[in-house]
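Worksheet: one structure, shown below.
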Amino acid sequence: MINLETPRKFRAFVNQAHQVAAEMLRPNSRRYDQAEHEYPVELDMLAAMVDGLGASGTGSGAGASGVRRAEGAEDAGVKNGSNLSSVLSIMEMSWGDVGLLLSMPRQGLGNSAIASVASDEQLRRFDGVWAAMAITEPGCGSDSANIRTTARRDGDDYLINGEKIFVTAGGRCDAVVVWATLDKTLGRAAIKSFVVPKDTPGLTVERLEHKLGIRSSDTATIRFEDCRVPAANLLGSPEIDTGKGFAGVMQTFDNTRPLVAAMAVGVARAALELTRDLLAEAGITPDYDRPTHRQPAAAATYLDLESDWEAAHLLTLQAAWLADNSRPNSLQASIAKAKAGRTANHITLRCVELTGTLGYSEHHLLEKWSRDSKILDIFEGTQQIQQLIVARRLLGKTSAELK
């Protein structure tokens, strides 16, 4: 039976994550929002601390755990709770600043991809590498099955050609996990992921984007021109299994979508807590023992937002719990991502409205959180894509049957 209370063994780690968020991330939040593309040097010490906790077994990283399942392991039970640990810590860190969290060395989305599908040998070889993940292309946004970047076998290597956009941490990372197709004629089954070191000839960082939110996190456009990568850097099996289709590569999303949902939950909680304090200063305190229609409009709105947050929070924990118990979580990962992403957008904007000029100005971080939250409803699959995935799974339809 699922238990959504924070496990005792994680409580100290979660408290540590909250202290880091309160004492390091939150105080630097405005500074790096205004100094876009400036590297947050404070994160080097934080990343070293997270590495130490992970090595000692005290806690998981801020996002670099993976959903790894052995054949027939559906009833294997809890192994180490690494997914739940990551989700809980990300909620706390995002309460501090989600952009700075996304800037942490060796905790990139590419690291989650490696942790999810790499072989044991690859896990050892890429240990300590800061990996970004490159999926989106100029002509391929939400439809990742339509990837046009190619990987052509050439002896013991692959030659990669194409362009990737909106690569989180693409300018600062050590390597990029690139999604490319081995054969365009075979559709999504031929899409594989490759670990490409940043110093590989043929890899060029074209530019860094200027963004609405998460400005402390660099977002890059990367071009690959006859970029030669060892065949040993292909994650997972090099065989094209048209029967299995996209499942091997898509397993990465089973891990990363709950992480993004956790970011949304953390940002939304930060907005709710500050709004509650500002409302209290104005003499408005929600009463949990009275019906909402008998309370001030602002209090009633706040209670509605809080209940919406609770739903997103529990769905996110469920998706992580299922992964830790070696149970399929693709449906729940998409549900959590869809609910949390949209909820964070709604909550942060409503909190700006509820607090009036205090929320709209830079006097508080509310306006920043409303900007930061927008990306959480977009990357790792947009709201519309998540709803489509959920519908397909609930109705038993294929991607060809339900578009």
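All values reported here derive from a predicted model rather than from experimental measurement.
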Does Lys164 come within less than 4.0 Å of Glu137, counting only side-chain N to carboxylate O? yes
Within the structure provided, determine whether Val177 and Ile114 are in side-chain contact (heavy-atom separation under 4.5 Å). yes
Any sub-3.5 Å donor-acceptor pair from Asn111's side-chain atoms to Ala131's backbone N or O? yes
Is any side-chain N of the basic residue among Lys339 and Asp308 closer than 4.0 Å to the acidic one's carboxylate O? yes
Are any non-hydrogen side-chain atoms of Leu203 and Lys198 less than 4.5 angstrom apart? yes
Between Gln383 and Asp377, is a side chain to side chain donor-acceptor pair (under 3.5 Å) present by the stated rule, with each step listed? CA-CA 6 Å; Gln383 178 71 206; Asp377 196 33; 2.7 Å; yes
Main-chain N/O of Phe224 paired to Glu163 side chain as donor or acceptor, under 3.5 Å: no
One pair to check against side chain to side chain donor-acceptor pair (under 3.5 Å): Glu209 and Thr221. What are the steps and the verdict? CA-CA 8 Å; Glu209 303 291 345; Thr221 292; 3.2 Å; yes
Considering only heavy atoms from C-beta outward, does the side chain of Leu388 approach that of Leu402 to under 4.5 Å? yes
Heavy atoms, side chains only, cut-off 4.5 Å: are Val14 and Arg11 in contact? no
Excluding sequence neighbours, so at least two apart, what forms salt bridge (Lys or Arg N to Asp or Glu O under 4.0 Å) with Arg30? Asp33, Glu367
Partner residues of Ala344 under the side-chain contact (heavy atoms from CB on, under 4.5 Å) criterion, sequence neighbours left out: Ala264, Ala268, Ser373
Trp369 side chain near Leu274 side chain, heavy-atom distance below 4.5 Å: yes
Distance col, row Lys403:NZ vs Lys397:NZ, nearest 0.5 angstrom, shows 13.5 Å
Here the pair of heavy atoms bringing Ser85 nearest to Phe13 is OG-CE2, 3.5 Å
How would you list all residue pairs meeting salt bridge (Lys or Arg N to Asp or Glu O under 4.0 Å) that involve residues 84-100, not counting sequence neighbours? Glu92-Arg269, Asp97-Lys368
Asn329 side chain to Ala319 main-chain N or O, any donor-acceptor pair under 3.5 Å? yes
Quick one, Ser112 and Leu259 - any side-chain contact, counting heavy atoms below 4.5 Å? yes
Compute the ring centroids of Phe253 and Trp179, then answer whether they are less than 6.0 Å apart. yes
Interatomic distance, OG@Ser370 vs CD@Glu353, rounded to 0.5 Å, equals 10.0 Å
Among all residues two or more places apart in sequence or in another chain, which pass the ring-ring contact (aromatic ring centres under 6.0 Å, His included) test with Trp95? His18
Results of salt bridge (Lys or Arg N to Asp or Glu O under 4.0 Å) for Arg172 - residues two or more places apart only: Asp218
Using 0.5 Å steps for rounding, measure from the CZ atom of Phe10 to the OG atom of Ser86. 8.5 Å
Is a donor on one side and an acceptor on the other found under 3.5 Å between the side chain of Thr348 and the backbone of Asn345? yes
Got a donor-acceptor contact below 3.5 angstrom from the Lys337 side chain to the Leu376 backbone? yes
Test side chain to side chain donor-acceptor pair (under 3.5 Å) on Thr150 and Asn161 and set out the steps. CA-CA 5 Å; Thr150 60; Asn161 284 277; 4.7 Å; no
Partner residues of Tyr158 under the ring-ring contact (aromatic ring centres under 6.0 Å, His included) criterion, sequence neighbours left out: Phe194
Enumerate, atom names and distances included, each donor-acceptor pair closer than 3.5 Å involving a side-chain atom of residues 42-50, sequence neighbours excluded.
unit_1	atom_1	unit_2	atom_2	d
Glu42	OE1	Tyr32	OH	2.7
Glu42	OE2	Arg31	NH1	2.9
Glu42	OE2	Tyr32	OH	3.3
Asp44	OD1	Tyr39	OH	2.6

Here the gap from Asn146 atom CG to Cys140 atom SG, rounded to the nearest 0.5 Å, amounts to 5.5 Å
Stepwise, does the side-chain contact (heavy atoms from CB on, under 4.5 Å) test hold for Val196 with Cys227? CA-CA 9 Å; Val196 184; Cys227 187; 3.8 Å; yes
Are the side chain of Gln387 and the backbone of Gln384 linked by a donor-acceptor contact shorter than 3.5 Å? no
Report the C-alpha separation of Arg392 and Glu401 in whole Å, then their side-chain angles, then the decisive distance to 0.1 Å, and conclude whether the side-chain contact (heavy atoms from CB on, under 4.5 Å) test is met. CA-CA 9 Å; Arg392 286 171 182 164; Glu401 293 171 326; over 6 Å; no
Take Leu101 and Gln107, measure what side-chain contact (heavy atoms from CB on, under 4.5 Å) needs, and give me the verdict at the end. CA-CA 8 Å; Leu101 169 66; Gln107 301 296 324; over 6 Å; no
What's the separation between atom CD1 in Ile160 and atom CG in Asp157, rounded to the nearest 0.5 Å? 10.0 Å
Salt bridge present between Arg257 and Glu380 (N-O < 4.0 angstrom): no
For Asp287 and Asp289, indicate whether the former's side chain and the latter's backbone hold a donor-acceptor pair under 3.5 Å. yes
Check: Thr355 side chain, Thr275 main-chain N or O, donor-acceptor pair, under 3.5 Å: no
Just by distance, do the side chain of Arg215 and the backbone of Lys211 share a donor-acceptor pair under 3.5 Å? yes
N-O pairing of Arg124 and Glu121 below 4.0 Å: no
List the residues meeting ring-ring contact (aromatic ring centres under 6.0 Å, His included) with Trp309, not counting sequence neighbours, and say none if there are none. His313
What pairs with Ala320 under side-chain contact (heavy atoms from CB on, under 4.5 Å), at least two apart in sequence or on another chain? Asn83, Leu84, Val87
Check whether any side-chain heavy atom of Leu366 sits under 4.5 Å from a side-chain heavy atom of Leu278, and report yes or no. yes
Would you please name every residue forming a ring-ring contact (aromatic ring centres under 6.0 Å, His included) with His37, sequence neighbours left out? His210
Do Asp254 and Ser116 pass the side-chain contact (heavy atoms from CB on, under 4.5 Å) test, and can you show the C-alpha distance, the side-chain angles, and the key distance before you say yes or no? CA-CA 9 Å; Asp254 296 346; Ser116 294; over 6 Å; no
pair Met133-Val167: side-chain heavy atoms closer than 4.5 Å: no
Does the pair Arg125 and Asn233 meet the rule for a side chain to side chain donor-acceptor pair (under 3.5 Å), with working shown? CA-CA 10 Å; Arg125 183 151 49 93; Asn233 284 22; 2.8 Å; yes
Could you tell me whether a side-chain N or O of Asn28 sits under 3.5 Å from a main-chain N or O of Met24, the two making a donor and an acceptor? yes
List the atom pairs, donor and acceptor, that lie under 3.5 Å between side-chain atoms in residues 297-305 and the rest of the protein, sequence neighbours left out.
unit_1	atom_1	unit_2	atom_2	d
Thr301	OG1	Ala297	O	3.0
Tyr302	OH	Leu272	O	3.2

Residue list, side-chain hydrogen bond (donor to acceptor under 3.5 Å, both in side chains) with Arg26, at least two apart or on another chain: none
